[in-house]
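Notes to accompany the following structure.
Since the structure is predicted, the reported quantities are computational estimates derived from the model, not experimental observations.
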Amino acid sequence: VEELTAMLRYLVKHNEAHAREVAALAGSLMDAGRESACREILNAVDDFALVNAKLAAVLNTLTDTAL
């Protein structure tokens, strides 16, 4: 369980970093006048957040159980 907990911690941080990078792409698309593409990218960022929230919830369950 310790290895899985460590992996989940890593994935949550890693996904947060990717979400920021993808959001920056959206900003660049908006600057380029590509509003539709920007909205789609921002929807993907929302998906990152949803997945990450689920992973974080599992992580919290594991760390609460481990105590």
Side-chain angles (χ1 to χ4, degrees):
V1 174
E2 287 179 33
E3 259 183 61
L4 295 173
T5 301
M7 183 60 144
L8 281 171
R9 276 193 188 101
Y10 167 78
L11 285 173
V12 169
K13 285 187 175 197
H14 187 76
N15 287 348
E16 288 171 353
H18 278 302
R20 286 190 300 274
E21 291 170 345
V22 173
L25 289 174
S28 295
L29 287 166
M30 182 61 86
D31 293 343
R34 305 300 300 260
E35 291 180 34
S36 178
C38 174
R39 281 193 302 275
E40 287 300 315
I41 294 290
L42 291 176
N43 286 337
V45 172
D46 290 342
D47 292 342
F48 265 106
L50 180 63
V51 168
N52 230 25
K54 289 179 180 183
L55 292 175
V58 171
L59 179 60
N60 288 336
T61 300
L62 291 174
T63 54
D64 288 345
T65 304
L67 299 175

The side chain to side chain contact (heavy atoms under 4.5 Å, CB included) partners of Asn15 (sequence neighbours excluded) come to Phe48, Asn52, Leu55
Legend entry - side chain to side chain contact (heavy atoms under 4.5 Å, CB included) involving Val58 - partner list, sequence neighbours excluded: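 Only Leu8, Leu62 meet the side chain to side chain contact (heavy atoms under 4.5 Å, CB included) criterion with Val58.
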*asked:* Are Leu50 and Leu59 connected into the same hydrophobic cluster when the rule is that any two of I, L, V, M, F, W, Y join if their side-chain heavy atoms are below 4.5 Å apart?
replied: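 No, separate clusters.
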For residues 16-32, which side-chain N or O atoms pair as donor and acceptor with protein atoms under 3.5 Å away, sequence neighbours left out?
from: His18; atom 1: ND1; to: Glu21; atom 2: OE1; distance (Å): 3.1
from: His18; atom 1: NE2; to: His14; atom 2: NE2; distance (Å): 2.8
from: Ser28; atom 1: OG; to: Ala24; atom 2: O; distance (Å): 3.3

